[in-house]
Amino acid sequence: MEKRTIVAVVVFAIVAVFFFFSIFLIHPFGKPGQVNMDDHIIANTQNETGTNNGVTSTVFDYRGFDTLGEATILFTAVAGVLMIFRRVK
Amino acid sequence: MNIIDVLIEQSPALIIAIPLLGAFLMPLVSRINSTLRNIFGLLVLCLTGFFVGILASDVLANGPRLYIFGAKDLAVPMVRILFEVDSMSIFMALITMVLAFIALIYSWSFMKDHDGLDKYYTLVLLLITSTFGMELTGDIFNFFVFLEISCIASCALIAFWISEGEALEAAFKYIVVSAIGALFVLFAIGMLYAQYNALNIATLANVLKYTFLDKIILVLLLVVLGMKAGLVPMHMWLPDSYGRAPPSVTLIIIGATLASFYGVLRVIFTLYGNVLSTTMRFSIPLNVLVGWILITLAIISIIVGVAMALVQSDFMRLIGFSAVTEVGYMFLAIGAGIAALGTPYATTALQGGILHLLNDALDIGLLFLVAGAVYYTTKKRSLDDTSGLARNMKYTTVFFVIGFLAVAGMPPLNGFASKFLIYESVYQLNPILSIVAILCSILMLAVFVKVFYAVFMGPELPAFKNVTEAPRSMLLAMGLVAALAIFIGLFPNLVIDALVKPAADALLNHAQYIGTVVGGI
Amino acid sequence: MDVLGLSELLVRIILGTLGLATFGIIFGLFYKGIDRKLSAHMQGRIGPPFRQPFRDVAKLFTKENIIPDHAIPWIFNLIPLIGLIATISILLYLPLGGFPPLFASGGDLIVILYLLIIPSLALVIGGFSSGSPYAIIGAQREMATMIAYEFPLAVLIITVAWNLLQKGITNVFLFSTIAAAPVWNQVAGPLGFIGFAILLVVLLLVTPAELSKIPFDSPEAETELAGGLLVEYSGRNLAMYYLTDGVKTVVMASIIVALFFPYNLSAFIGLGSYTGIIIDVLFYLLKVFLVILFSVTLIRVAIARLKIDQIVYTYWIPLTLASLVGLILVMWDQTMVQWFS
Amino acid sequence: MIEYIPFIAVVTMIFIGLYAVLFRRNLIKIVIGISIIESGVNLFLITLGYREGGVAPIFTSLPPGTTYPAGMVLPVPQALTLTSIVIGVAVLALMLSLVMHIYRKYGTLDVRKIRRLKE
Amino acid sequence: MKRYVITTIVCFIIYLLLTTGSGNDVLGLWSYIEMLFGLLLSLIVGYAARTLFIKDNFRMLNPVRWFLFLCYLIGPFFVALAKANLDVAYRVITGKINPGIVKISPGIHTDLGITLLANSITLTPGTLSVDIDEKTNDLYIHWINVDKKALEKKPVDCKYICGNFPQWIRRIAE
Amino acid sequence: MIFDIIIYLFIGIGIFFNLLAGIGLLRFPDVYTRLHAGTKCTTFGSLFLIGSVILIGLKLWWEKDTNGSVLAIHSTIALIAILLTNPVGAHAIARAAHRSGIQPAGAVIDELQAKPVEKNEEKTGGD
Amino acid sequence: MGMEFLIANIIVLILTVVASLVAVLLRDLLAAAVAMAAMSLLLSLEFFILQAPDVAIAEAGVGACLSTAIVIIAIKGTKRTEDE
Amino acid sequence: MSGMSKIVKTSVNILFPLTMIFGLYVIAHGHLTPGGGFQGGAIVASGCAMIVVAYGSKWVFKQINEKRLSTFESIGGVGFITVALLGLVFSTVFFGNFLAGSNLLFGTTPATGSTGADFNTGGVLPLMNFAVGVKVIAGLFVIVLVMAYASSVKEWDT
Amino acid sequence: MIDLLTTYLLVVIALMLCSILALIRVIRGPTAPDRVVGVDTINTMVIVGMIAFGVAYREVIYIDVAIVYALLSFISTLFIARYLEGGDF
Amino acid sequence: MFSLESGSGFWNPILWVLIFFIAFLLFYGIRGFGKSTYKKDTDQTKAFLSGNQEPSAEVMHVKASNLYWGFTTSMKTVYTELRKMHTGNASDYVLWFVIILACLFLIMGVM
């Protein structure tokens with residue numbers, strides 16, 4: 001076994017152990033601790049945004065700017081792919 | 001409520017919206033005419049620059065400014081995305097603006113003979129937008145989104161010269177590294193969200209308790225953003241991609257890298273600002289721990305960067321390694337500022353680091369522009385193949401001299417001003433730090449003297465007998481950067497008073513940042 | 001900024017520059033003559049007269065100013081001048097002859113450290129720009145040497161400043177501060193003294209390299225490289241380098257004097273104004289002479305030239321270690337004294 | 001323990017992906033590894049947003065007897081995940097097109113052989 | 001143009017099916033604005049898909065064919081599907097197989113017809129359409145339990161494979 | 001009551017056939033036979049499972065619950081989609097498997113083997 | 001939390017993890033792509049089970065269909081086996 | 001050039017409008033049912049990818065080229081940002097939902113609580129959905145199309 | 001009336017257990033088409049599982065997801081088949 | 001005025017530039033006394049090579065890679081390690097990232 005593999009395995013194990021430790025400190029599955037932001041969204045999504053779908057209202061209204069970024073990401077990727085596959089003179 | 005107030009109020013949104021709109025329109029515009037496309041790009045940037053300017057004047061005068069997307073005022077839990085522009089953000093935005101403007105001017109001639117330029121300009125505008133977004137945003141997930149945009153746009157631009165396999169290789173390495181990094185950031189954001197049910201930086205900073213999870217989050221954010229900023233030993237993507245991207249693009253990628261550095265500052269000073277000086281474990285305050293971690297990495301960066309630069313034979317790759325060193329200097333200053341938080345020299349170190357950020361962008365950028373000009377005229381990358389260009393390219397030589405003296409920190413150029421502040425503050429933390437910094441600065445001089453010899457001096461090779469000076473727009477771009485470098489070198493205190501000191505104060509005064517949001521309900 | 005202050009500043013700048021340039025050149029060449037004479041005597045020769053360097057300069061001005069084919073004319077001509085001017089400008093920040101520096105708040109030790117690079121850099125670029133392989137090899141050696149000796153120099157400067165800082169003194173990088181609180185007075189115990197002594201020795205050893213003198217003169221290496229990096233220079237350009245060399249000698253000696261021996265006789269023996277000043281100046285000149293004697297003349301006569309890798313090795317390993325030891329000793333000084341008392 | 005099963009799955013997936021990136025030599029395998037990490041992170045976000053017994057935060061045709069907001073899962077992580085998914089596909093497309101092009105230039109997909117840029 | 005209209009109408013019908021229960025303006029099932037938007041979207045889809053959806057003929061416009069198709073689905077097809085599954089169950093449990101690939105010439109000439117037939121064959125007992133001859137519309141069938149009798153004649157007679165499906169298909173799609 | 005029994009029956013049949021598909025996938029020797037199990041059984045099983053859902057939807061509709069109509073219709077559409085796509089997918093896989101050189105295990109006859117590999121396809125494609 | 005829900009959840013999660021493991025471990029890249037499709041599919045079901053139909057649709061459209069498609073296109077553009 | 005077998009092609013012909021109308025349905029009903037611009041766009045783009053795989057990318061390139069698709073994508077992006085900017089104009093904030101509650105197009109507000117589907121709600125959200133939908137359709141389709149074309153052409157560069 | 005939630009959740013569990021068998025085929029499958037068959041089977045089971053889950057929670061809108069899946073899972077199968085056929089895309 | 005203060009020292013670029021400018025004028029004047037002409041196109045403008053025949057420009061050109069030969073050879077051990085570190089392998093890039101992650105986890109986790 002070469003040196004790189006040993007180092008990689010050790011480091012991998014350390015990071016994995018820390019991740020495993022840390023996830024047990026998150027709230028248990030299905031019981032979120034604080035929910036005030038999300039409850040606010042659910043409670044107000046109909047009268048503020050006039051939308052029945054809470055997720056869509058989050059995506060396009062409350063966090064609409066993220067969605068703009070998301071659309072931009074796709075646009076960027078498309079531009080990148082088109083650029084990579086362009087025909088060079 | 002006159003028109004200028006309205007414009008200032010709306011400018012945070014417009015700074016993002018205008019270049020984005022420009023990017024979306026670019027494929028349509030570039031179908032019409034190529035000159036129109038270039039003019040359109042510059043026009044969009046001018047407009048953006050106008051808004052950045054008025055926003056900067058306002059923020060520097062009146063303190064942080066909020067912009068809430070989608071609503072006029074804040075709801076009680078911070079559900080909406082908001083931009084919080086303080087002096088540090090606007091400082092970064094100004095740097096980005098300058099770099100972007102110069103890159104576009106430079107591209108006018110430099111990119112003339114290439115195809116795929118509509119995509120090029122689109123991606124450049126997108127990269128600029130994402131850099132602005134990272135710098136202005138007050139929402140951590142939004143930061144991640146812009147980080148991703150900048151990753152993807154940078155990657156695509158690095159691969160612009162697709163006929164060179166190395167460019168593709170560099171782009172691939174970059175995207176692998178940054179994609180994984182971004183995913184870890186997302187993981188950290190998820191953990192933050194799980195704990196505090198908030199995504200707003202100020203809100204999070206207000207309630208952050210420094211639990212074990214917060215430690216994990218801090219490490220994740222620090223390491224990823226440090227990697228994106230180019231800290232050794234996670235720097236390896238940086239010379240690859242800097243060395244293979246078109247130089248005009250490299251200029252903007254430097255801006256994006258600096259935005260990652262800004263992310264580090266934001267995470268440490270604002271997100272963890274409350275707990276930074278109050279938390280104590282084993283009688284070591286958190287700020288000392290974090291500061292020394294950064295200092296260690298920074299010292300390694302400085303040494304490795306300059307040592308590797310010394311043996312490079314590719315012009316742009318060499319500058320890439322020296323960029324690693326410069327990043328090391330910034331981290332050194334910031335680390336010292338964090339480790340000694342509260343002392344006067346910590347403030348000096350912070351100011352030095354922030355000023356060095358500006359200088360790094362200008363100097364490394366100028367060197368890349370020169371390297372691009374050399375590549376443009378000779379089509380050679382290797383230092384072994386070029387020689388004696390100073391005979392025919394006088395202006396380029398002068399700009400190169402200015403650039404390399406600035407990077408090496410020779411008086412009276414701008415690099416010296418910031419390094420001066422760094423040396424004269426970090427030695428108070430530990431003298432070794434200053435010594436290493438000085439030494440590596442002189443090694444940097446050696447590196448660039450080698451380049452100076454190899455490219456501009458030496459015998460005149462017959463292949464370069466008929467080399468002509470770079471085109472006018474490239475000279476203009478280089479001249480602008482050089483003029484800025486000289487200006488900052490000659491009047492460093494003006495720049496510090498006007499921009500750097502407010503920025504450093506904004507970083508240190510995290511209570512104001514938090515209070516603008518949390519107190520402003 | 002009032003007009004009067006500005007005009008006064010301008011007058012100071014102009015007159016100071018002119019005066020100190022004259023001073024630097026005259027005494028640089030004078031010390032050069034003494035040096036040559038002394039070393040000749042030590043080797044059992046008679047040697048040239050003291051004013052030989054002045055004659056050399058005058059002669060060079062009448063010679064042809066040849067620009068080789070492979071050189072790049074504008075760099076080739078400009079660089080010697082810049083090196084000389086940068087060296088002259090250092091003089092304005094140094095305490096000379098018992099007087100405080102002319103522009104004490106214009107630049108400090110770090111600035112001087114960097115300004116000292118410029119003459120060496122001028123030599124290097126001049127060598128490169130002349131296009132001769134010999135000159136290029138010489139320039140490369142000069143560069144390597146420069147990298148090598150900067151480390152001990154930086155350690156020294158930072159150590160002095162740090163030590164002052166620990167005593168609660170501000171503006172520690174200024175010569176005026178250092179003159180007011182000489183390093184030897186700031187040590188608490190024997191460790192600090194030893195540390196500074198080591199650093200002094202290191203600085204004395206750095207000086208010949210800074211001045212490209214034997215045994216660290218392999219960039220010039222007149223005997224083997226046929227003139228070294230100045231091989232293609234002639235006429236007035238060479239004269240510029242010649243002057244630079246002289247002024248740099250004064251500068252380096254003054255730095256050593258200012259850092260380690262900032263004492264003045266006048267205060268010590270209680271003499272009045274004018275006599276005191278004259279005594280101080282003379283004492284200063286003596287100090288400078290002694291420094292040059294030890295660090296240039298004696299070393300040059302006693303030791304043969306080192307190879308380039310030996311130079312780099314010498315500076316990177318033994319001298320660096322020595323300076324670091326000095327630094328650590330100085331850093332421990334306070335603590336140790338507290339322990340034992 | 002059983003309440004943390006989804007989180008364990010998340011971390012396992014992340015590390016499976018990381019394993020692919022660190023130890024696999026094929027570029028496409030590395031890309032697949034990144035894609036798996038991304039899936040793991042997405043699953044993490046969704047898992048954070050789940051509320052016991054909740055239904056999706058969509059009011060249309062809500063099943064009878066649902067209380068809100070306590071009876072609905074959290075919408076924000078879902079919004080974040082949507083963004084993340086699109087980012088994932090964008091990155092994947094870009095990486096794969098780079099891989100295709102690299103193969104044309106280098107003639108191999110072995111990551112150990114694709115290193116003209118070193119030192 | 002005709003294709004466009006037909007495609008649009010089909011899309012509109014699908015859209016209406018999808019949006020059942022959106023309001024009670026029309027038949028208690030749809031709202032006006034929903035129908036308006038449905039029409040708009042159908043026009044777009046109809047434009048995009050007009051050359052694909054209907055290739056060459058319009059004989060599927062005949063409602064009788066649709067009725068026949070429905071009959072076919074509920075009648076012989078469903079029975080065959082059920083039989084097929086029992087057959088597979090039998091073979092899964094016993095493991096008795098005797099496979100082979102045979103060629104049949106069902107004599108159907110339209111694309112839609114051959115597609116319907118191939119799909120039916122795939123879902124009916126012991127057979128799976130593997131390949132098709134693009135010119136002659138001959139199907140190559142993977143037969144899980146090859147009947148020795150059928151192999152005497154080449155190409156294999158359709159009735160061993162798919163019973164009277166070709167007749168149904170011919171009535172529906174030709 | 002009778003309705004419930006029908007539902008349970010449907011569910012039972014559906015799950016049985018899906019299970020059969022799984023077992024068939026494991027037991028059969030080659031791709032083609034596995035396709036038999038994977039396609040037919042899952043389609044039939046889904047038919048019954050979705051059928052049960054449709055029945056529930058229809059019942060709800062009968063009880064004046066508009067959700068029921070949506071349930072029924074959408075489930076039907078899903079069923080139609082499954083019925084359309086499954087055999088085509090099976091065909092595509094079988095054809096691909098044969099073209100990639102996988103022989104049917106223990107085949108008594110393989111008439112496709114003799115057929116020259118698709119020269120005509122080049123001409124007919126693209127209409 | 002109903003027991004059935006939890007069991008379904010766990011089974012789907014285990015299947016997802018196994019599929020991702022398969023995607024990483026198989027030498028044949030096409031098989032890896034197939035396993036990735038399976039992983040995406042099961043992940044989508046998991047999203048669905050966790051009451052996130054929006055995300056499930058997105059994952060279905062993007063992860064299970066388009067990602068697989070472009071991975072396969074990329075394999076087609078390069079080569080299929082992962083040779084060491 | 002070649003494409004898949006006739007059976008597949010015919011099935012795809014039938015499925016394509018179905019997928020497309022379903023995708024558009026998902027886009028249009030983003031504010032009511034699960035889905036939205038991205039999801040629906042991905043569905044339609046997958047339908048287009050279906051065409052690509054069934055008929056071959058060369059055939060598809062004859063029908064539509066990537067420039068046109070790129071234009072469509074730009075139009076989608078511009079539309080999205082324009083709606084956001086209209087928010088700036090009409091409601092003084094970027095991304096302001098100026099149509100919600102205005103009783104104009106999409107302007108009705110559903111009653112608080114569980115209500116049935118009402119298409120005429122959501123303010124600017126349906127408009128944004130459509131813009132993003134157009135963008136995502138064109139973007140994902142062009143990615144698949146270009147990559148497929150590049151993988152099948154041996155000499156697409158230099 | 002039957003208990004929809006329990007019944008259909010059990011259906012989902014049963015389907016998932018069936019798909020374990022299919023996944024084993026995906027893992028073991030000697031050739032790529034075998035794996036594709038396995039994935040195809042999982043596809044159908046997942047679609048049915050989604051519908052069952054939708055009924056279990058009485059969320060009619062969940063059925064849409066199943067339709068999406070029914071339409072789209074076919075496409076990845078087609079891509080793999082096209083690759084195996086050896087033709088160009 | 002225009003002075004950069006770090007708390008430990010000063011740096012006034014304007015002052016230096018003024019000094020430089022004045023000294024430049026002075027010495028440019030002094031330099032002007034020197035002889036500025038020389039005989040062109042003679043052997044003295046050729047590079048001085050101890051009288052050897054001057055080779056062509058390509059041969060005379062000292063390559064940049066060889067420039068700091070003295071320095072790099074004396075630092076050989078360091079450079080061997082550094083070069084080994086920069087493998088150019090994308091996996092190694094990620095590995096370094098994970099290594100730093102692990103180190104910081106250990107440091108911060110213990111603290």
Side-chain angles (χ1 to χ4, degrees), chain A residues 8 19 22-89, chain H residues 29-38 41 66-67 69-70 73-74 76-77 80-81 83-84 87 94-97 99-102 106-118 120-126 128-129 131-132 135-136 138-140 142-143 146-147 149-150 156-158:
Chain A
F19 268 62
S22 61
I23 52 157
F24 284 105
L25 299 172
I26 302 174
H27 60 77
F29 174 61
K31 299 183 186 67
Q34 280 185 306
V35 287
N36 50 1
M37 177 165 82
D38 296 86
D39 278 357
H40 181 268
I41 288 177
I42 295 172
N44 291 310
T45 183
Q46 280 192 319
N47 55 20
E48 276 186 5
T49 66
T51 313
N52 274 324
N53 187 342
V55 179
T56 304
S57 77
T58 315
V59 166
F60 281 101
D61 194 297
Y62 291 107
R63 301 193 71 79
F65 196 64
D66 275 351
T67 311
L68 182 60
E70 184 186 347
T72 314
I73 285 173
L74 195 61
F75 185 76
T76 317
V78 170
V81 170
L82 285 179
M83 202 199 75
I84 288 167
F85 288 123
R86 74 181 193 266
R87 285 162 189 280
V88 179
K89 268 178 271 184
Chain H
H29 288 245
H31 56 298
L32 299 175
T33 61
F38 284 103
E66 86 269 23
K67 285 227 175 72
L69 285 171
S70 182
E73 199 193 1
S74 288
F80 188 27
I81 214 167
V83 173
F94 200 52
F95 271 99
N97 196 341
L99 282 178
S102 67
F106 301 123
T108 54
T109 308
T112 309
S114 166
T115 51
D118 186 1
N120 196 16
T121 56
V124 296
L125 267 64
M128 283 181 175
N129 268 328
V132 172
K135 194 175 147 46
V136 172
L140 291 178
V142 83
I143 285 178
V146 167
M147 285 183 74
Y149 188 70
W156 87 82
D157 63 341
T158 52

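Everything numeric here is computed off the predicted structure, so don't read it as measured data. All chains are named by letter (A, B, ...) in the order of the sequence lines, taking the proteins before the strands, and each is independently numbered beginning at 1.
- Interface residue H:Pro34: only backbone heavy atoms are found under 4.5 Å from chain A.
- Every residue two or more places apart in sequence or in another chain was checked for a ring pair (Phe, Tyr, Trp, His ring centres under 6.0 Å) with A:Tyr62, and none qualifies.
- Closest non-hydrogen pair, A:Phe85 versus H:Met147, comes out as CE1-CG, 3.7 Å.
- To the nearest 0.5 angstrom, H:Phe38 atom CZ is 7.0 Å from A:Leu74 atom CG.
- Comparing A:Val81, A:Asp61, A:Thr56 by heavy-atom pairs within less than 4.5 Å of chain H, the highest count is held by A:Thr56.
- Among H:Val136, H:Ile143, H:Leu140, H:Leu125, the residue with the largest count of heavy-atom pairs under 4.5 Å with chain A is H:Leu125.
- Residues passing the side chain to side chain contact (heavy atoms under 4.5 Å, CB included) test with H:Val142 are A:Val78, A:Leu82, H:Glu66, H:Leu69, H:Val146, sequence neighbours excluded.
- For A:Thr67, the parts lying near chain H are the backbone and the side chain together; criterion is any non-hydrogen pair under 4.5 Å.
- If you take CG on A:Asn52 and NE2 on H:His29, they are separated by 12.0 Å, rounding to the nearest 0.5 Å.
- Taking chain A as the reference chain and counting heavy-atom pairs below 4.5 Å, the highest number among H:Gly36, H:Gly139, H:Gly30 is found for H:Gly30.
- Taking the six-membered ring where tryptophan is involved, the planes of A:Phe60 and H:Phe80 are perpendicular, since the angle between them exceeds 60° and thus also 30°.
- Neither the backbone nor the side chain of H:Val124 comes within less than 4.5 Å of any heavy atom of chain A.
- For H:Thr33, the part sitting under 4.5 Å from any heavy atom of chain A is the backbone (N, CA, C, O) and nothing else.
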